Amino acid sequence: MKRVRAIISGRVQGVWFRASTLEKALEYGVRGTVRNLVDGRVELVAEGEDAGVNQLLRWARNGPPMAAVDSVELEDLPQDKEFTDFRIH
């Protein structure tokens with residue numbers, strides 16, 4: 001099991017990043033949240049099996065077609081099984 005927080009920078013708001021992240025999280029069996037930050041970045045908190053979280057993070061480095069990701073800052077978090085699903089906030 002793995003839990004991470006990712007801060008994604010670039011053209012990531014107004015390009016369906018959150019909705020696309022939700023679709024990918026469901027596809028990869030990942031729980032957590034994704035939300036826009038006031039500074040134009042996106043915050044992703046993901047937890048689940050290592051393989052699924054890693055797939056979601058690989059996808060997030062590019063995002064959906066209209067996005068232009070500049071960077072992804074990762075922070076490992078302690079596992080606490082806080083999430084039962086994946087949601088957009």
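Since this is a predicted model, take the numbers as computed values, not measurements.
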Engineer: Asn62 and Ala67: which non-hydrogen atoms are nearest, and at how many Å?
Structural biologist: O-CB, 3.9 Å
Engineer: Using atom types as modelled and distance alone, determine if a side-chain donor or acceptor of Arg61 lies under 3.5 Å from a backbone N or O of Val69.
Structural biologist: no
Engineer: Please report the closest heavy-atom contact between Phe83 and Thr33, naming both atoms and the distance.
Structural biologist: CE2-CG2, 3.4 Å
Engineer: Using the side chain to side chain contact (heavy atoms under 4.5 Å, CB included) rule, take Phe17 and Asn36 through it: C-alpha gap first, then chi angles, then the decisive distance, then the call.
Structural biologist: CA-CA 9 Å; Phe17 201 99; Asn36 285 341; 6.0 Å; no
Engineer: Working to the nearest 0.5 angstrom, can you tell me the gap between Thr21 OG1 and Tyr28 OH?
Structural biologist: 10.5 Å
Engineer: Rounded to the nearest 0.5 Å, what separates atom CG in Leu22 from atom CG in Asp85?
Structural biologist: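 The CG atom of Leu22 sits 9.0 Å away from the CG atom of Asp85.
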Engineer: Are Val12 and Leu74 connected in a single hydrophobic cluster, I mean Ile/Leu/Val/Met/Phe/Trp/Tyr linked by side-chain heavy atoms less than 4.5 Å apart?
Structural biologist: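 Leu74 and Val12: one cluster.
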Engineer: If two hydrophobic side chains count as joined below 4.5 Å and joins carry through other members, does Trp59 share a cluster with Ile88?
Structural biologist: yes
Engineer: Which residue, Lys2, Arg3, Lys81, forms the salt bridge (charged side-chain N to carboxylate O under 4.0 Å, His left out) with Glu47?
Structural biologist: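 With Glu47 as partner, salt bridge (charged side-chain N to carboxylate O under 4.0 Å, His left out) holds for just one option, Arg3.
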Engineer: Which heavy atom in Arg31 sits nearest to a heavy atom in Gly48, and how many Å separate them?
Structural biologist: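 Heavy-atom minimum between the residues: NH2-CA, 4.0 Å.
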Engineer: Heavy atoms only: give me the nearest Val4-Leu77 pair and the separation to one decimal.
Structural biologist: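 Looks like C-CD1, 4.0 Å.
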Engineer: What is the minimum heavy-atom distance between Pro64 and Val15, and which atoms define it?
Structural biologist: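 Taking every non-hydrogen atom into account, CG-O, 3.4 Å.
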Engineer: Verify salt bridge (charged side-chain N to carboxylate O under 4.0 Å, His left out) between Glu43 and Arg5, making sure each step is shown before the conclusion.
Structural biologist: CA-CA 7 Å; Glu43 177 189 50; Arg5 177 178 183 247; 2.6 Å; yes
Engineer: State plainly whether one hydrophobic cluster holds both Val34 and Val45, where clusters connect Ile, Leu, Val, Met, Phe, Trp and Tyr through side-chain heavy atoms under 4.5 angstrom apart.
Structural biologist: no
Engineer: Test of understanding: clusters of I, L, V, M, F, W, Y form through side-chain heavy atoms closer than 4.5 Å, transitively. Do Val30 and Leu26 belong to the same one?
Structural biologist: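 They do share one cluster, since a chain of ILVMFWY contacts under 4.5 Å joins Val30 to Leu26.
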Engineer: Linking I/L/V/M/F/W/Y whenever any side-chain heavy atoms sit under 4.5 Å apart, do Leu56 and Ile7 land together?
Structural biologist: no
Engineer: Could you give the distance from CD (Glu23) to CZ (Arg18), rounded to the nearest 0.5 Å?
Structural biologist: 13.0 Å
Engineer: For Gln13 and Val38, indicate whether the former's side chain and the latter's backbone hold a donor-acceptor pair under 3.5 Å.
Structural biologist: no
